Amino acid sequence: MELEEIARKYALKNAVEHGGECNPGAVIGKIFAEEEFENKGEVTQAAQKVCQGVNGLSLEEQEEQLEEFEFEEQEEQEHDPVPDLDVDEDEEVVVRFAPNPNGPPHIGHARGMTVNGELRDKYDGKLILRYDDTDPVTKRPMKEAYEMYEEDYTWLGYEPDEIRYSSKNFDTYIEYAEKLIEMGKAYVCKCSQEQGQKYRKEGEACPHRDQSSEKNMDLWEGMKNEASGSEASRRKSSQEKISEGEATLKIKTDMQHKNPAVRDFVAFRIIDDPDHPITGDEYRVWPLLDFQGAIEDHVMGTTHIVRGKDLRASTKRQKYIYNYLDWEYPDIRYWGKVQVSGFNAPVSGSTLGKMIEDGELEGWDDPRAPTLRALKRRGFQPEALQKFFIEMGVTENDIEASVESLEKANTRVIDEDADRYFFVAEPEKLKVSGVSEDLEAEMQVHPEHPERGTRSPELEIEDGDLEIFIDVSDFEDGFYRLKGLCNIEISGNSAEYREGDHKVALEKNADFIHWAPSYAETATVKMPDGRDLEGRIEPNSIKKDEIVQFERFGFVRCDSADDAVFYYAHQ
């Protein structure tokens, strides 16, 4: 089906579903969900043109024309948390998670990490962490990220069975590239990028497509080995000197394929001075992801792949390589995009790296960042992330989620163990008069676990006066209950002690407010929006890495017990 027909199909469907008027934006999304077209501008233009025509029809005409098309039932897919795989008897399931290590894993990576880890565990199979690190230009690998992925994957609860570096397997990629050249299934193209796109769009073969294997192999040698000066003169005269950007190695597919993105695609390009953290400048020809990934999955023995539905065209491109080499392609399951909103920094590794370089973020674990190490530092637990993504399931429907959903999952994990303390975020001193010398504080360590005991900070009472810190937001005239201490009535900048227990406060519908002794130490809470809150914390024995709840404030993780530094998790 050609582009305009696909656009018409979804324009009619969208119009009928919405009373006769279709939305070009929704149609564009459906087009890309079905096919990965190369020229997004062309798709947008086609969708707008078709929608304009469809909107000029009556609803009855739209319904009649819609009957020409068939639709796969994907709108309401069954929720499948950990999908059942098609597994042959005695077959070992081999799955992989294959990130580009241009920064540490973030919340977007956690879905693939979790689902593949769960599949390994479900089928007692093998989980491979593979670094797709063969793009030193647009997604330059970061040396430290390799170790970060291994650490974070293990922290998440799924230690990989094998670690692979794609950049260490260039000889294998080159071997298969040369085999495909000899078979006449790959050729060296010297068209410019613009020329190549034009030929693909028009479905025409470029002038280099029918070169002999011998000619292609000679050009390929020229791509692999740069020639200049006296070196060039020592070369065989038949070998051309090819500079970066002058040629690519392409895989032959079908120049009449309905999707131009599937037509003859680039497998290798020349990169001079790549400065790669693993291979340095040892190689001059670099594989693109579709070629490298195809070879890797075969060599690794990958049996099942879960990937984004936007990569359907990649699957089609890679299957040409598998068919040429008589290999069996892994089973594929697609899923839709996931957008988790609510973070104060983007998920892009390159953008985050630039923000760190410019001093906008303190590091990869800055509480504003959506990285796993930032979530870990804030006190999120791996079990919460697992549950969050397992419940999300594997479906081709696009999913929008908020960080609040993840916070709720984390609360269910940490609430049971998190002891309670008072932290006054915006402290202001309050003098309470008329206090008995024998007044004592008594707050439960955890309201649902009385067996854990109580907290009883000492009070400094002098001549019936008690000085404490309360939050500035609580500094309003009225009757209050100081939690675990006594009833008071605030008037102006001071307060008077009032008789009665907490039941009296409840009868008066009084607010229960937290507080800290006048000698309370200063504590710092680093917030997800980049603010540092310096407040007063009640005397405590909180240990580093312990997660507690500051009452009326939120859950926090202790980052430094000595300096009383905490990272805010959530309410």
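All values below come from the heavy atoms of this structure, side chains included, with hydrogens, waters and symmetry mates left out. Every value quoted in this text rests on a predicted model; they were computed, and no experiment measured them.
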Legend entry - Derivation and outcome, side chain to side chain contact (heavy atoms under 4.5 Å, CB included), residues E92 and Y123: CA-CA 8 Å; E92 181 187 31; Y123 289 95; over 6 Å; no

Legend entry - Option among K483, R420, H514 that satisfies the side-chain hydrogen bond (donor to acceptor under 3.5 Å, both in side chains) test with E551: K483

Inset, instruction - Using a cut-off of 6.0 Å, state whether more than 12 heavy atoms not belonging to D124 lie near its atom CG. - result: no

Legend entry - Note, E499 side chain near N487 side chain (heavy atom, < 4.5 Å): no

Legend entry - F566 to A523 - nearest heavy-atom pair and separation: CE1-CB, 4.1 Å

Legend entry - Side-chain heavy atoms of Y158 within contact of E118, under 4.5 Å: yes

Legend entry - Rounded distance (nearest 0.5 Å) linking atom CG of N100 with atom OG1 of T134: 8.0 Å

Inset, instruction - Scan side-chain atoms only and decide if R307 and T315 contain a donor-acceptor pair under the 3.5 Å cut-off. - result: yes

Legend entry - Salt-bridge present (K122, D84; N to O < 4.0 Å): yes

Legend entry - Minimum side-chain heavy-atom gap V340-L406 below 4.5 Å: no

Legend entry - Check: V94 main-chain N/O paired with T303 side-chain donor or acceptor under 3.5 Å: yes

Inset, instruction - State whether E489 and K508 are salt-bridged, where the test is any N-O pair (Lys NZ or Arg NE/NH1/NH2 against Asp/Glu carboxylate O) under 4.0 Å. - result: no

Legend entry - Separation of I295 CD1 from D290 CG (nearest 0.5 Å): 11.5 Å

Inset, instruction - Please determine if R368 and D366 form a salt bridge, counting it only when a charged side-chain N lies under 4.0 Å from a carboxylate O. - result: yes

Legend entry - Exercise: identify the closest heavy-atom pair between A345 and A369: CB-CA, 4.1 Å

Legend entry - Euclidean distance, R378 CZ relative to Y567 OH, rounded to 0.5 Å: 11.0 Å

Inset, instruction - Step through the shown structure and confirm whether more than 12 heavy atoms of other residues, nucleotides or ligands are within 6.0 Å of CD on E440. - result: no

Inset, instruction - Look only at the side chain of R333 and the backbone of L85, and say whether a donor-acceptor pair between them is shorter than 3.5 Å. - result: no

Inset, instruction - Quick one: pull up CG in D563 and NZ in K544 and give me the separation to the nearest 0.5 Å. - result: 10.0 Å

Legend entry - Pairing of D132 and R164 as salt bridge, 4.0 angstrom limit: no

Legend entry - Flag if over 12 foreign heavy atoms under 6.0 Å of CG, D529: yes

Legend entry - Note: R552-D511 ion pair, threshold 4.0 Å (strictly below): no

Inset, instruction - Look up atom CD1 in I163 and atom CZ in R130, then write down how far apart they are to the nearest 0.5 Å. - result: 12.5 Å

Inset, instruction - Mind listing the closest non-hydrogen atom pair of T114 and L385 along with its distance? - result: OG1-O, 4.5 Å

Legend entry - Distance in Å, H502 NE2 paired with L482 CG, rounded so as to fall on 0.5 Å steps: 14.5 Å

Inset, instruction - Dump the intermediate steps for salt bridge (Lys or Arg N to Asp or Glu O under 4.0 Å) on E151 and K376, then the final yes or no. - result: CA-CA 12 Å; E151 292 174 351; K376 177 183 178 182; over 6 Å; no

Legend entry - Derivation of the side chain to side chain contact (heavy atoms under 4.5 Å, CB included) call for W364 and M142: CA-CA 12 Å; W364 294 103; M142 186 181 80; 3.4 Å; yes

Inset, instruction - Report yes or no: does S456 contribute a side-chain atom to a donor-acceptor pair with the main-chain N or O of A441 at less than 3.5 Å? - result: yes

Legend entry - Crowding at CD, E437 (>12 non-hydrogen neighbours, <6.0 Å): yes

Inset, instruction - Kindly say whether G379 contributes a backbone atom to a donor-acceptor pair with the side chain of Q381 at under 3.5 angstrom? - result: yes

Legend entry - Heavy atoms from other residues, nucleotides or ligands near CG of D477 exceed 12 (cutoff 6.0 Å): yes

Legend entry - Lys/Arg-Asp/Glu bridge criterion (N-O < 4.0 Å) met for R96, D297: yes

Inset, instruction - Compute whether any side-chain donor of one residue and acceptor of the other, for H449 and E416, lie under 3.5 angstrom apart. - result: yes

Inset, instruction - Describe, in one word, how the ring planes of F423 and F550 are oriented to each other, choosing from parallel (under 30°), tilted (30 to 60°) and perpendicular (over 60°). - result: parallel

Inset, instruction - Specify whether Y149 and F97 have parallel, tilted or perpendicular ring planes, treating 30° as the upper limit for parallel and 60° as the lower limit for perpendicular. - result: tilted

Legend entry - Flag, side chain of N116 to backbone of V95, donor-acceptor distance under 3.5 Å: no

Inset, instruction - Give a yes or no answer on whether the side chain of Q549 reaches the backbone of A418 with a donor-acceptor pair at less than 3.5 Å. - result: no

Legend entry - Test item: side-chain donor near acceptor, D133 and S167, under 3.5 Å: yes

Legend entry - Donor-acceptor contact present, side-chain S166 to main-chain Y131, <3.5 Å: yes

Inset, instruction - Check whether any side-chain N or O of K143 sits under 3.5 Å from a backbone N or O of P277 as a donor-acceptor pair, and report yes or no. - result: no

Inset, instruction - Please examine the side chains of N540 and V548, heavy atoms only from C-beta on, and report whether any two atoms are closer than 4.5 Å. - result: no

Inset, instruction - For the residue pair K526 and D532, establish whether any side-chain heavy-atom pair is separated by less than 4.5 Å. - result: yes

Inset, instruction - For the pair E467 and K429, find out whether any cationic side-chain nitrogen is under 4.0 Å from an anionic carboxylate oxygen. - result: yes

Inset, instruction - For residues S348 and H106, determine if any side-chain heavy atom of one lies less than 4.5 Å from a side-chain heavy atom of the other. - result: no

Legend entry - Check against side chain to side chain contact (heavy atoms under 4.5 Å, CB included), F553 and V525: CA-CA 11 Å; F553 183 80; V525 178; 4.0 Å; yes

Legend entry - More than 12 heavy atoms from other groups under 6.0 Å of CD on E159: no

Inset, instruction - Evaluate whether atom CD of E451 has more than 12 neighbouring non-hydrogen atoms of other residues, nucleotides or ligands under 6.0 angstrom away. - result: yes

Legend entry - Pairing of E162 and K126 as salt bridge, 4.0 angstrom limit: yes

Inset, instruction - Could you check if a side-chain atom of D465 sits within less than 4.5 angstrom of a side-chain atom of S433, using non-hydrogen atoms only? - result: yes

Legend entry - Within-4.5 Å side-chain heavy-atom neighbours: L466 and L485: yes

Legend entry - Worked verdict on V82 versus D121 for side chain to side chain contact (heavy atoms under 4.5 Å, CB included): CA-CA 10 Å; V82 182; D121 294 349; over 6 Å; no

Legend entry - Salt bridge present between R377 and D559 (N-O < 4.0 angstrom): yes

Legend entry - Main-chain N/O of D474 paired to D471 side chain as donor or acceptor, under 3.5 Å: no

Legend entry - Over all atoms of both residues, closest heavy-atom pair of R498 and E496: NH1-CB, 3.2 Å

Inset, instruction - List the atom of I537, the atom of A520, and the distance in Å for their closest heavy-atom pair. - result: O-CB, 3.3 Å

Inset, instruction - Taking all heavy atoms of A145 and all of P104, pick out the closest pair and write down the distance. - result: CB-N, 4.3 Å

Inset, instruction - For atom CG of N493, decide whether the heavy atoms of other residues, nucleotides or ligands shown that lie under 6.0 angstrom number more than 12. - result: no

